[in-house]
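Just below is one structure, and these are the notes that go with it.
These numbers come from the heavy atoms of this one structure, side chains and all, not from hydrogens, waters or symmetry mates. Counting convention: from 1, in listed order, for ligands and their atoms alike.
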Amino acid sequence: MSAPADNAVAGGVRAPKRARIAARTLRTDRWWLPPLLTTLGLATFVIYATVRAFVRTAYWVPEYHYLTPFYSPCVSTSCVPGSSHFGHWFGAFPGWLPLGALVLPFLLGFRLTCYYYRKAYYRSVWFSPPACAVAEPHGKYTGETRLPLIIQNVHRYFFYVASVVSIVNTYDAILAFHGKTGGFGFGLGNIILVANVVLLWAYTLSCHSCRHITGGRLKHFSRHPVRYWMWSQVTKLNNRHMLLAWTTLGTLVLTDLYVMLVSSGAISDPRFVN
Ligand code: FES
């Protein structure tokens with residue numbers, strides 16, 4: 001990465017009125033470390049999730065009704081028996097189509113357009129800029145005013161779909177309280193599934209769009225005590241949005257990995273009831 005030539009750019013750090021500094025940055029600390037770690041973290045999740053979405057194995061534990069969130073809802077006749085909690089909406093999917101294809105694009109869109117993730121990948125992947133006081137390599141900046149980045153403004157609609165998916169995941173987690181021979185059962189897998197759902201709700205409700213939906217456009221909070229209370233609660237979560245964004249990436253992988261290991265017989269699920 002190098003700074004653009006002076007005559008190539010009219011704006012940014014090379015704008016005529018800016019100080020003429022030849023070095024890309026005067027920072028001497030390890031400013032490159034956070035963007036590097038962010039890139040590695042995101043890349044790890046994307047690779048893992050992509051591989052898991054396509055393998056079509058070990059996503060359902062028939063004894064305990066554990067279903068990985070990567071395959072939920074499973075609404076194709078290609079899904080293994082028992083895993084389609086909402087019935088079959090489609091016939092068999094071809095092998096190249098993930099069984100969770102109905103929701104994966106929306107979940108991906110929700111994360112990609114998230115305000116926190118935008119900040120993370122604009123800095124770490126797009127270097128725009130990579131860190132405070134470090135010049136970016138791009139010649140011009142148009143922000144989110146043109147295609148393709150203007151699409152970021154549909155984030156609110158991804159939020160609505162993500163809320164529905166959280167309801168679906170909650171239903172899956174409730175159905176998973178299932179014993180080996182039927183009836184009620186409870187094991188370590190239930191704790192993992194429930195923890196994942198609770199954190200997914202926390203992440204979803206901490207969304208900036210949710211904060212605006214609950215408290216935006218109000219001129220007087222005092223006249224809308226219920227919305228003010230909701231906005232206050234969402235704001236508390238919103239303060240932890242970055243933490244929840246990373247935590248839920250981790251819990252999604254952990255939940256999927258656990259279901260995969262139990263389903264494949266690599267480990268057995270410690271049971272507390274049945
Ligand atoms: Fe991050 Fe909406 S701002 S999910």
## Note on the structure
Quick note on ligand 1: atoms under 4.0 Å from a heavy atom of H155 include exactly 2 (Fe), 3 (S), 4 (S)
### Query
Distance-only, no hydrogens or angles: does the R24 side chain make a donor-acceptor pair with backbone N or O of E136 under 3.5 Å?
no
### Query
Does any N, O or S atom of C207, backbone or side chain, fall under 2.8 Å from atom 2 (Fe) of ligand 1?
yes
### Derivation and outcome, side-chain hydrogen bond (donor to acceptor under 3.5 Å, both in side chains), residues R111 and T248
CA-CA 11 Å; R111 297 264 171 176; T248 48; 3.1 Å; yes
### Query
Got a sec: is H241 within less than 2.8 Å of atom 1 (Fe) of ligand 1 via an N/O/S atom?
yes
### Task
Could you establish whether F110 and ligand 1 come within less than 4.0 Å of each other, counting only heavy atoms on the residue side?
yes
### Query
Quick check: does C114 put an N/O/S atom under 2.8 Å from atom 2 (Fe) of ligand 1?
no
### Query
Taking the six-membered ring for Trp, are the ring centroids of H241 and Y203 within less than 6.0 Å of each other?
yes
### Task
Could you list which atoms of ligand 1 come closer than 4.0 Å to a heavy atom of Y203?
1 (Fe), 4 (S)
### Query
Using 30° and 60° as the class limits, which term best fits the ring planes of Y115 and H208: parallel, tilted or perpendicular?
parallel
### Heavy-atom gap F158 to ligand 1 smaller than 4.0 Å
no
### Query
Is the count of non-hydrogen atoms from other residues, nucleotides or ligands lying under 6.0 Å from R27 atom CZ greater than 12?
yes
### Task
Ignoring hydrogens and angles, tell me if any N or O in the side chain of R56 forms a donor-acceptor pair with the backbone of L97 under 3.5 Å.
yes
